[in-house]
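Below you'll find the structure, written out as structure tokens, and then a few comments.
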Amino acid sequence: MKNRIITGTLIAILGLILAIGPWCIFEVCGGNMKCYWTGRAELGMGILIIILGILNIVVSSTKVRLGLNLALIFAGIISALIPAWLIGVCSMPTMKCNAVAAPSIISLGIILTLLALGNVIYLFKLDKKIEVQA
């Protein structure tokens with residue numbers, strides 16, 4: 001129960017930062033620039049991650065949470081790849097989106113991936129432990 005609440009809350013917070021970060025914290029350029037579309041894509045990924053984090057809190061089944069965290073690993077990877085490769089940001093290195101937003105989004109994606117991976121390992125060991133006791 002404690003793991004479920006802690007990891008679910010951390011995941012939801014990371015999702016919230018990914019969703020609103022490009023618009024409020026580490027702002028991207030407006031208009032039709034590449035970084036604007038990166039921000040829009042991260043908004044969608046952030047909302048998805050928030051939902052998966054909340055499901056991690058609500059669902060008690062170890063196997064379902066294992067699946068949710070496997071999905072979160074891929075969501076974290078995709079979140080990191082959006083500014084790095086999939087869409088990108090402005091090509092001018094002095095722009096705020098290139099200097100601050102892209103590294104921040106990539107870091108958050110990596111942190112999310114590592115958190116979900118750690119939780120997958122924990123849940124896999126917990127599931128094996130439950131099966132042995134049964």
Cluster link Leu18 to Ile51, ILVMFWY, side chain under 4.5 Å:
yes

In this structure, CG of Leu48 is separated from CZ of Phe74 (nearest 0.5 Å) by 13.5 Å

When rounded to the nearest 0.5 Å, the distance separating CG of Leu70 from CG of Asn119 is 10.0 Å

d(Leu72 CG, Leu52 CG) to nearest 0.5 Å is 4.5 Å

**Item:** Same cluster (ILVMFWY, side-chain, under 4.5 Å), Ile121 and Leu123
**Value:** yes

Here the pair of heavy atoms bringing Arg4 nearest to Ile57 is NE-O, 3.0 Å

Open item on the list: Quick check against the 3.5 Å criterion: does Asn69 have a side-chain atom that pairs as donor or acceptor with the backbone of Arg65?
Closed with: yes

Val89 and Lys34 have their tightest heavy-atom pair at O-CE, 4.0 Å

Nearest heavy-atom contact between Pro22 and Ile105 is CG-CD1, 4.0 Å

| task | Decide yes or no for Ser79 and Ile49: does some side-chain heavy atom of the first lie under 4.5 Å from some side-chain heavy atom of the second? | result | yes

For Ala84 and Ala80, the nearest pair of non-hydrogen atoms, with its separation, is CB-O, 3.4 Å

Shortest non-hydrogen pair, Met45 vs Ala75, comes out as CE-O, 3.4 Å

Counting only N and O atoms by type, is there a donor-acceptor contact under 3.5 Å from the side chain of Thr38 to the main-chain atoms of Gly88?
yes

Heavy-atom closest pair (Leu66 atom, Phe124 atom, distance to 0.1 Å) is CD1-N, 4.0 Å

Non-hydrogen side-chain atoms of Cys29 and Lys96 separated by less than 4.5 Å: no

Between the CG atom in Leu68 and the NZ atom in Lys63, the distance rounded to the nearest 0.5 Å is 14.5 Å

Apart from Met95 itself, members of its ILVMFWY cluster (side-chain separation under 4.5 Å) are Met92

> Can you hop from Leu126 to Val120 via hydrophobic side chains spaced under 4.5 Å?
Replying inline: yes

| field | Residue Arg40 excluded, over 12 heavy atoms near CZ under 6.0 Å | value | no

- [ ] Report whether Ile73 and Ile110 are members of the same hydrophobic cluster (ILVMFWY, side-chain heavy atoms less than 4.5 Å apart, transitive linking).
- [x] no

Worksheet entry | Validation row: Ile106, Ile82 side chains within 4.5 angstrom (heavy atoms) | no

>> Quick check: do Leu108 and Phe26 have side-chain heavy atoms less than 4.5 Å from each other?
In response: yes

Point to revise | Cluster link Leu16 to Leu115, ILVMFWY, side chain under 4.5 Å | key: no

query = Where do Val28 and Trp37 land on the side chain to side chain contact (heavy atoms under 4.5 Å, CB included) test, with the steps shown first?
reply = CA-CA 9 Å; Val28 294; Trp37 294 107; over 6 Å; no

Any Ile50 side-chain heavy atom under 4.5 Å of Ile54 side chain | yes

Here the gap from Leu14 atom CG to Leu112 atom CG, rounded to the nearest 0.5 Å, amounts to 5.5 Å

If you define the side chain from C-beta out and look only at heavy atoms, does anything of Ile111 sit under 4.5 Å from Leu114? no

NZ of Lys2 to OG1 of Thr7, rounded to nearest 0.5 Å, is 12.5 Å

Review point. Can you check whether Ile87 reaches Leu81 side chain to side chain, under 4.5 Å on heavy atoms?
Key: no

